[in-house]
Amino acid sequence: MDPVLEIDGLCLEFRSDRGPVKVLDGITLSVSRGETLGLVGESGCGKSVTGLSVMRLLPSPPARVTAGDIRLGGESLLSLPEAGMRGLRGKRIAMIFQDPMVSLNPVTTIGAQLAETLAIHGADGRLRSRVEAALAAVGIGDAAQAARAYPHQFSGGMRQRAMIAMMLACRPEVLIADEPTTALDVTVQAQVLDLIRDLQAEIGMAVVLVTHNLGVVAESCDRVAVMYAGCVVETGPVAAIFAAPQHPYTRALLAAIPRADADSATLSVIEGRVPDLVDPPQGCRFHPRCPRASDRCRTEKPPRRDLGAGRYVVCHHPEADA
Amino acid sequence: MSALVTARDLAKHFGGGGWPRTGPVVRAIDGVSFDIPRRGALGLVGESGSGKSTTARVLLRLQEPTAGRFRFDGEDVFALRPAALRRLRARMQIIHQNPMAALHPAMSVLDQVRRPLALQGIGTRHSRTEAAIELMSQVGLSPEQGRRMPHQFSGGQRQRVEIARALITRPDFLVLDEPTSALDVSVQAQILRLLTGLRAEFGLTFLFVSHDLGVIRHMCDQVAVMYLGRIVEIAPKDSFFATPRHPYAQALLSVVPVPDPAQRTRPRSRLTGEPPSPRNPPSGCAFHPRCPMAQDICRREAPVLRPLAPGHSAACHLAEARP
Amino acid sequence: MATTEPSGVAAPAAGAVFLNRFRRNVPGRIGAVLILLLIGVAFAAPLIAPQGFDAQDLSKMRHAPSADHWFGTDRYGRDVFDRVIWGSRIALRVALIVVAIQLAVGVSLGLLAGYFGGWVDRIISGLVDLVWAFPPLVLALGLIAALGPGLENVIIAIAITSWAPFARVTRAKTMSLRQRDYVEAGIAIGERQGAILLRYILPGVVAPNLVLATLTVPAAILTTSALSFLGLGAQPPSPDWRAIRNDGRDSMRDAWWISVFPGLALVATVAAFNFVGDALRDALDPREDS
Amino acid sequence: MLGRLVWRLVLSAPVILGVSVIAFGILHLTPGDPVDAILGARASEAQKLAMRAELGLDRSFPAQYATWLGNVLTGDFGTSLMTRMPVLDTIGARVPYTLQLTLSAFAISILLGIPLGVFAATHQNGLGDHLTMGGVMLLYSTPEFWLAMVLVLVFAMGLGWLPVSGARSWQHLVLPALALGLPEVGAVARLMRAEMLATLRDEYVLTARAKGLGPLHITYRHVLRNAAVPVVTWLFLALPWLIGGAVIIENIFAWPGMGQLFFQAILRKDFPVIQGLLLLIALLTVLSNILGDIAAGAIDPRIREGR
């Protein structure tokens with residue numbers, strides 16, 4: 001299957017008072033049509049920044065890409081002029097955000113915000129019916145009335161639906177969903193994830209689901225990329241990685257979750273804390289917290305190992321070696 | 001075994017006063033009752049607006065209750081005068097959700113940890129400092145960190161400071177209001193492990209408020225589910241997770257994402273709609289508009305908690321009809 | 001629910017961030033230097049202009065600026081430069097007294113209203129609404145009509161008519177601080193109400209009031225000079241910077257320096273405080289965090 | 001709309017009542033006997049007695065106030081001590097002039113201030129921003145009376161383009177309106193810029209960019225509208241403050257408005273006129289604030305529904 005979106009060795013820095021912060025270090029990812037890739041990790045690991053840099057929505061300065069490329073359908077996004085990129089946003093590649101309370105304009109109706117997306121990407125004259133169709137497609141009951149409503153008149157779940165309607169109105173090839181359910185209650189979260197899945201099946205788009213919740217990944221992604229301190233440490237099919245994580249970080253992370261479906265004995269604890277990315281550790285960025293770390297991990301960047309069946313791990317001593 | 005904590009018919013209503021009237025009375029919680037035995041841990045779970053945090057605050061009189069009784073080790077807490085209440089606070093403490101906001105931003109960490117002792121008039125200045133330093137090392141902070149200000153700490157460390165401050169007066173009862181929901185999974189694991197250890201060591205009784213059923217299952221031995229200001233189900237942990245009785249609890253449990261792709265195909269009861277607003281509650285059973293099994297009676301009559309198994313009660317007209 | 005654990009580094013001290021931001025603000029720095037200069041001049045007035053502000057030399061009436069008299073002389077032959085120097089004392093005194101009264105009244109009323117709510121709040125907020133219902137200068141004029149002209153009465157009138165913003169800001173901030181977890185934690189460990197107000201809430205309302213003060217100082221100076229201009233403020237021969245009223249107006253065509261130089265001093269002072277106020281607000285603005 | 005206006009006025013009744021107490025009671029703040037202050041020390045006992053009776057000072061404060069308020073409600077504000085004319089007529093003759101002056105200044109401050117603020121915000125930290133904001137800050141820091149004199153010096157006395165003072169033609173309005181409006185331009189531009197920059201950080205701006213909208217579209221359709229809400233509220237809050245400035249400007253330019261009358265009344269201790277002016281100006285202030293809320297509500301539906 002040909003990937004729609006490819007990120008190839010992306011390195012990115014933020015300018016700061018204390019020197020450049022190396023936020024992303026050689027991110028390599030791809031996602032295909034109809035596929036959902038989970039981008040998972042703890043705060044500060046760079047998962048949201050990765051999503052935003054695909055959209056080229058990071059302000060520059062302070063952000064600066066120092067190496068690598070991002071390609072949509074084989075075409076490099078980083079070399080596009082801003083006007084060309086603007087033509088792609090919302091049309092071929094779309095993004096939804098964490099907090100639907102603040103990501104809609106409070107003084108404009110839902111319908112107007114939706115119509116604007118359609119208009120800018122060259123929809124024909126029947127805007128009103130297309131707006132209503134888009135709202136109906138995300139399960140908003142009275143679409144005509146909803147189009148006239150303002151965001152604050154909607155509940156959190158409804159707002160996220162409206163946001164999805166707005167972003168998917170042009171049937172994009174790629175959707176980047178940045179923690180789309182984190183601000184929602186768990187029963188509403190399930191509805192929104194179902195909705196994204198249904199629309200994905202209908203449109204055939206690729207979805208990059210950025211989340212900190214491994215449960216959400218297990219339930220709604222085909223493949224997963226686990227990030228730590230600006231690096232992807234492990235990628236592969238969800239079933240395989242959850243069954244047998246190869247990177248010590250993935251393994252520890254999975255064992256740290258208290259589960260609702262079974263009694264968990266003791267939770268695994270990762271000692272230490274996330275490194276300072278102004279001065280990241282030499283070698284493997286995880287080595288100061290890794291129980292398996294060797295001298296090699298302290299000096300040498302681990303290679304990206306191909307484990308077959310679409311699995312990759314970035315580690316000198318993966319579990320498979322044990 | 002006598003209960004350390006006995007809460008009866010707690011209620012907290014907002015608004016309704018003033019001129020011109022500021023809107024309808026909002027019943028944030030209504031008729032909430034539960035017992036927690038000494039050294040027990042009750043998990044209070046619910047979605048936003050369910051009233052779980054309000055329950056915790058009313059209990060500690062951080063918000064004054066509208067009605068209800070709370071007996072703590074035989075003492076009628078809601079009847080206490082300010083001075084007596086301040087003395088009792090040595091025995092019941094709270095841990096907040098957001099460790100970024102729960103510490104005084106301009107007071108050193110050591111000062112904050114030993115402050116409760118001074119307020120209770122315990123020990124000398126020197127002995128209070130000693131005690132604070134010892135407890136700080138017990139929760140995993142070094143003494144030299146004591147001079148620092150809260151903003152110099154990470155979220156996990158601040159939560160440790162808050163725990164030390166709460167435990168310095170050796171309380172019996174700890175209210176934990178979403179103590180780890182602002183933290184990353186790996187930090188959450190550290191804090192949960194710490195709390196488990198401290199609970200055993202200090203013989204603590206927990207009221208653990210959380211929206212995360214996994215955390216509740218890990219930390220508690222009793223579960224109460226809240227929906228729109230009322231407890232709809234309360235049960236021992238094992239009984240609850242094995243056979244939840246209330247349709248809301250069943251739905252909640254079935255939609256919690258589980259980090260195990262093999263379970264993707266498990267049967268789920270998906271709810272439509274969103275939790276209603278306490279400003280405008282539905283008639284009868286508050287859950288009926290979202291309930292897959294709702295009958296006429298559910299629209300008319302509010303169900304009360306009824307015992308369905310030993311220690312296991314649910315507020316549902318139809319609960320018995322199900323296995 | 002959002003995970004907020006930051007990257008591993010501890011944040012630098014808030015004070016350091018603040019200083020750093022303030023230092024990067026060039027107009028703010030210029031303003032700060034000007035204010036220091038103003039304070040210095042006010043203290044050193046007897047040294048800079050030893051002959052005082054009222055030394056008349058009727059042989060030198062309305063002389064244009066020259067090497068002897070940098071800013072020229074007025075119609076009594078008084079040196080305009082000397083009067084500007086001495087005038088800095090008036091500007092500074094007005095600013096200090098007014099701000100002190102505003103802070104004392106506004107902050108304490110705001111704290112009480114915001115913390116206790118209910119009837120206390122309703123009464124204090126009602127008072128604020130009342131003061132707010134008059135344009136400040138108009139109410140000040142009304143007060144002066146009753147109290148009579150004079151610099152002291154002007155200061156009283158300005159203070160009475162301009163504490164309301166402090167009370168409003170303090171009340172709003174207090175209400176939001178009261179909801180903060182750390183204040184609740186203070187109550188939970190058994191702090192008394194007085195301690196909550198003074199140790200937990202008061203420090204939190206300092207920053208917005210400080211910003212407000214730097215922005216109302218120039219307003220107070222402007223209002224004083226306006227009232228003095230109308231002849232209701234500082235009385236002759238005081239060297240108030242408005243020093244312009246009738247003598248200024250009459251002689252505008254043939255002796256422009258009499259009004260222009262004190263005016264420039266006024267503009268520079270007011271601008272300096274405004275620049276510093278802006279810089280302070282930017283430096284203290286939590287929204288700038290990223 | 002009209003209904004909301006009336007309802008808000010009804011809600012303001014307590015404030016208006018309190019304002020009337022202040023307006024009336026201010027006379028009683030006079031140290032010593034107000035009659036001495038009004039008539040001077042050389043007045044005879046008989047004159048004093050007559051004045052005391054005219055002002056109603058021979059009765060208790062509540063009784064005086066009740067009478068005064070009752071009269072005011074029927075449109076009788078008393079008689080001016082200066083002109084011996086009804087206060088309402090005296091003030092009424094002045095109102096159009098003050099409205100002309102303040103509304104012109106208001107228009108100047110909006111028409112110049114808002115575009116300047118938008119320009120500075122869209123060129124943040126550029127040379128244009130710094131120059132605009134530097135200039136605007138100087139305007140903002142300039143006292144009206146001084147600006148007025150400089151304007152007169154340059155445009156009336158120096159260039160001779162415009163009259164020095166008086167109110168006979170539209171040319172007479174130009175300098176006073178500029179002197180009153182230009183400092184306000186600074187305030188408006190600064191506020192507009194700050195609100196624009198704050199709004200640019202809001203998350204829906206990111207959403208708008210993610211939809212593919214261009215910077216111009218985002219600035220004018222999304223940011224401007226949101227940033228306008230606090231600006232509009234502030235504009236109507238500050239509109240009555242211009243009346244304060246008008247007291248000074250009208251005196252400099254001999255503009256026969258309420259401000260000039262106010263000043264004369266203060267000098268002559270004409271308390272009935274002062275009381276009437278205070279009450280009237282406070283009413284205008286309350287009205288202006290209500291209009292501001294309604295205007296803000298027209299832009300922001302949350303404000304519309306919140307009240």
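Here the structure is a predicted model, which is why all the values come from computation and not from measurement. Naming convention: chains lettered A, B, ... in sequence-line order (proteins, then strands); numbering from 1 in each chain.
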More than 12 non-hydrogen atoms from neighbouring residues, nucleotides or ligands closer than 6.0 Å to OH on D:Y65, yes or no? yes
In terms of heavy-atom proximity below 4.5 Å to chain D, should C:F273 be classed as side chain, backbone, both, or neither? neither
Okay, D:I22 and chain C: the region with an atom under 4.5 Å from a heavy atom over there is side chain
Does one side chain, of D:T199 or D:N226, offer a donor that lies under 3.5 Å from an acceptor on the other? no
Got a salt bridge between C:D129 and C:R168, using NZ or NE/NH1/NH2 to carboxylate O under 4.0 Å? yes
Show, in sequence, the C-alpha distance, side-chain angles and deciding distance for D:V152 and D:F253, and conclude whether the side-chain contact (heavy atoms from CB on, under 4.5 Å) test is met. CA-CA 9 Å; D:V152 168; D:F253 290 97; 3.4 Å; yes
Under 3.5 Å, is there a donor-acceptor pair between the side chain of C:R171 and the main chain of C:G110? no
Heavy-atom pairs under 4.5 Å with chain C - which of D:L283, D:L278, D:I16, D:V247 has more of them than the others? D:L278
When you look at C:E152 and C:R93, which way does the salt bridge (Lys or Arg N to Asp or Glu O under 4.0 Å) test go after all the steps? CA-CA 11 Å; C:E152 281 67 33; C:R93 193 168 100 209; 3.4 Å; yes
Measure distances from D:N289 to the heavy atoms of chain C and classify the residue's part below 4.5 Å as side chain, backbone, both or neither. side chain
Checking heavy atoms, do the side chain of D:L239, its backbone, both or neither come under 4.5 Å from chain C? neither
Residue C:L127 versus chain D: region with a heavy atom under 4.5 Å: neither
Between D:F24 and D:F61, what is the ring plane arrangement, given parallel below 30°, perpendicular above 60°, and tilted in between? tilted
Please output the residues of residues 133-140 of chain D in contact with chain C, using a heavy-atom cutoff of under 4.5 Å, in numerical order. D:M137, D:L138, D:Y140
Against chain C, label D:L29 side chain, backbone, both or neither, depending on which of its atoms sit under 4.5 Å from a heavy atom there. both
Taking atom types as modelled and ignoring hydrogens, do the side chains of C:N209 and C:T170 form a donor-acceptor contact shorter than 3.5 angstrom? yes
Could you walk me through whether D:Q64 and D:H28 satisfy the side-chain contact (heavy atoms from CB on, under 4.5 Å) test, starting with their C-alpha distance in whole Å, then the side-chain angles of each, then the deciding distance to 0.1 Å, before giving a yes or no? CA-CA 11 Å; D:Q64 295 170 39; D:H28 297 261; 3.1 Å; yes
